[in-house]
Enquirer: 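Sharing a structure here in C-alpha cells format.
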Amino acid sequence: MLNRVTGVFSMGLTGRKEKILRAVVDGYIENCQPVSSSEIKDKHFPALSSATIRNEMASLEEMGYLSQIHTSSGRVPTAEAYRLYVERLMPRRKLSRSELKIVKRYFNKKVTELDEMLKSTAKVISEITNLTSVAYLQNTDDATVINIKIVRITDSTALIIIVTNIGILKDVTAHIGFGVTDEYCNQASKFVTEAFGGHKISEINKPKRIVKQVKKEYERVFDTVLKIFKSYSHDEMFSDIVLEGSSKILEQPEYANLQKAKAMLEFLDAKEELVPVLQNSDDMNISIKIGKDNEIRDGMPECAIVTTSYSIDGTTVGNAGVIGPIRMDYSKVVSVLDYISKTVQMLPAGESDDSVGKLGEPPDGNDTDSSDE
C-alpha cells in the first residue's frame with residue numbers, strides 16, 4: 001500500500017482531465033520532453049479535437065498540475081502532478097522475466113549476513129531501476145543473540161560469528177593472542193554465548209552487569225564481540241548506509257547542469273542527512289516523497305525518494321529505495337521495491353539455502369509469464 005502523498009483528493013478533476021494528465025506524466029517520464037496536445041491526440045484521444053485537448057491542458061495548468069516552459073512548447077508535469085499520479089493514476093505493473101532473473105541472481109543463494117543482504121538489496125534495486133539506490137539498517141536493537149561461534153584460524157587469530165534471530169550480524173577475523181587452540185575457542189564460544197545469549201543488542205551495548213562475569217583469559221574475545229555489537233548501535237549506523245549507482249544520477253537529463261549535479265552528489269555523500277528522508281513516517285509499506293516533501297534543510301536538491309521497509313523473521317530491520325529525478329518511472333520503482341521487500345522476508349535467518357529456492361515462485365502475484373522489457 002502506498003502512503004498518501006497528496007493529502008486530500010483534488011477537486012475539479014474530471015475523468016477526461018485525469019486521463020490527459022496521466023498521458024502527459026507517462027509521456028514525460030518516458031522521453032523527458034514537453035508533451036504537446038497533438039501528441040496526446042495521436043496517441044490517446046484521436047476522437048477529440050486538438051483545441052479541446054489544449055483547453056483541458058490549459059485548465060490543468062491553471063490548477064497547478066502542468067507548466068509550460070515556452071509559449072510554443074508542450075507541457076511538463078509539476079511536482080503536484082506527480083503526487084496525484086502516484087496517488088490515483090499510476091498503473092501497477094509486474095516485473096518482467098528478465099527483471100525477475102536479476103532478483104534471483106542476487107538472492108537465490110545463501111544470504112546470511114545482514115550487511116551482505118543490505119548490499120544485495122541496494123545492488124539489485126539500482127540495476128533494475130537504473131537509478132541510485134540506498135539501503136540501511138534501521139533497527140537491530142531488538143535482535144536477540146542466539147549463538148556466538150569462535151573458530152581458530154591460526155595460533156593467534158580466530159573467526160568470530162554472531163548469530164541472532166534475524167540472521168548473522170557479522171563474521172570477523174580477530175587477533176586474540178598467541179597460542180590459540182581449538183579447545184580455547186570452544187570454551188570461549190561457550191562462555192560468550194552464555195554471557196550474551198538470550199540478550200538483545202540494546203542490552204549488550206550497556207554491558208556493566210555482563211562485564212562483571214568476564215574471565216580474564218577471554219577478555220580479548222569479549223572485547224572484540226562487544227565492538228561488533230557496538231557497530232550495530234544507532235549512533236554507528238551512518239557508516240552502514242549502502243549507496244549503489246551514485247553515478248547514475250549524472251545520466252539523468254535533470255542533472256545535466258553542473259551545479260544541480262554537484263548539489264545532488266553532495267547530498268548523497270552526506271549520510272547523516274539521508275536517514276531522515278529515507279525513513280517511513282507511517283505504517284504504509286511504500287513511502288513516496290516528491291520535491292518539497294524531502295526538504296529537511298535549505299538548498300536541498302530537487303528529487304524524489306521512494307523507499308520501503310524490509311523485515312526478517314517478523315522484525316523490521318531497515319529501509320531501501322531509490323533516489324532520482326522527480327520524473328522517474330514510479331510504477332516500475334514501486335513494483336521493484338514491493339517485490340524485493342517480499343523476497344527479503346522469505347530469506348532464511350542464517351540457515352540453509354532451501355528457503356531461498358522458493359524464489360522460483362515469485363511472491364504476491366508476480367509471475368514469470370510477464371514479458372521481457
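Each residue takes its place number in the sequence, starting with 1.
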Enquirer: Using a 3.5 Å distance criterion without hydrogens, assess whether the side chain of Asn31 forms a donor-acceptor pair with backbone atoms of Gln33.
Expert: no

Enquirer: So, are Lys227 and Asp223 salt-bridged, with charged N and O less than 4.0 Å apart?
Expert: no

Enquirer: Kindly check if the number of other-residue, nucleotide or ligand heavy atoms within 6.0 Å of NZ (Lys248) is above 12?
Expert: yes

Enquirer: Please assess Asp26 against Arg22 for the test salt bridge (Lys or Arg N to Asp or Glu O under 4.0 Å), listing each intermediate value before the final yes or no.
Expert: CA-CA 6 Å; Asp26 285 338; Arg22 173 177 166 175; 3.5 Å; yes

Enquirer: Give me the atom names and distance for the closest heavy-atom approach of Glu254 to Cys32.
Expert: OE2-SG, 4.0 Å

Enquirer: Are the side chain of Ser120 and the backbone N or O of Glu116 linked by a donor-acceptor pair below 3.5 Å?
Expert: yes

Enquirer: As a quick check of understanding, evaluate salt bridge (Lys or Arg N to Asp or Glu O under 4.0 Å) for Glu39 and Lys43, giving each step before the final call.
Expert: CA-CA 6 Å; Glu39 183 179 341; Lys43 291 185 176 180; 3.6 Å; yes

Enquirer: Without swapping roles, check the side chain of Thr157 against the backbone of Ile153 for a donor-acceptor pair under 3.5 Å.
Expert: no

Enquirer: Checking Ser309 side chain against Gly318 main chain: does a donor-acceptor pair fall under 3.5 Å?
Expert: no

Enquirer: Any side-chain heavy atom of Tyr85 sitting closer than 4.5 Å to one from Ile29?
Expert: yes

Enquirer: Given Val24 and Leu66, is the side chain to side chain contact (heavy atoms under 4.5 Å, CB included) satisfied, shown in steps?
Expert: CA-CA 9 Å; Val24 173; Leu66 300 179; 3.6 Å; yes

Enquirer: As a quick check of understanding, evaluate side chain to side chain contact (heavy atoms under 4.5 Å, CB included) for Thr132 and Ile249, giving each step before the final call.
Expert: CA-CA 6 Å; Thr132 300; Ile249 284 290; 3.1 Å; yes

Enquirer: Got a donor-acceptor contact below 3.5 angstrom from the Arg83 side chain to the Ile290 backbone?
Expert: yes

Enquirer: Show the nearest heavy-atom pair for residues Val35 and Tyr28, with the distance to one decimal.
Expert: CG2-N, 3.8 Å

Enquirer: Would you check if the side chain of Ser341 reaches a backbone N or O of Tyr310 as a donor-acceptor pair within less than 3.5 Å?
Expert: no

Enquirer: Would Ile125 and Val333 count as a side chain to side chain contact (heavy atoms under 4.5 Å, CB included) here? Give the steps.
Expert: CA-CA 8 Å; Ile125 291 172; Val333 168; over 6 Å; no

Enquirer: Using only atom types and a distance under 3.5 Å, with no angle test, would you say the side chain of Arg75 pairs donor to acceptor with the backbone of Gln68?
Expert: no

Enquirer: Looking at Ile150, is its backbone amide N or carbonyl O close enough to the side chain of Ser189 to form a donor-acceptor pair, meaning the two atoms are under 3.5 Å apart?
Expert: yes

Enquirer: Relative to the ring of Phe196, is the ring of Phe229 parallel (under 30°), tilted (30 to 60°) or perpendicular (over 60°)?
Expert: perpendicular

Enquirer: What are the two closest heavy atoms between Ala174 and Ile160, and how far apart are they?
Expert: CB-CD1, 4.2 Å

Enquirer: Under the 3.5 angstrom rule, does the side chain of Thr173 hit a backbone N or O of Leu159 as a donor-acceptor pair?
Expert: no

Enquirer: Taking salt bridge (charged side-chain N to carboxylate O under 4.0 Å, His left out) as the criterion, tell me which of Arg105, Lys104, Lys332 meets it with Glu99.
Expert: Lys332

Enquirer: Is the shortest heavy-atom distance from the side chain of Asn130 to the side chain of Glu251 under 4.5 Å?
Expert: yes

Enquirer: With heavy-atom distances below 4.5 Å as the criterion, would you say the side chains of Val180 and Thr154 are in contact?
Expert: no

Enquirer: Should we count CD of Glu302 as having more than 12 external heavy atoms under 6.0 Å?
Expert: no

Enquirer: Has Lys41 got a side-chain atom pairing as donor or acceptor with Leu48's backbone, closer than 3.5 angstrom?
Expert: yes

Enquirer: With no hydrogens and no angle check, just 3.5 Å: does a side-chain donor-acceptor pair link Thr193 and Asn147?
Expert: yes

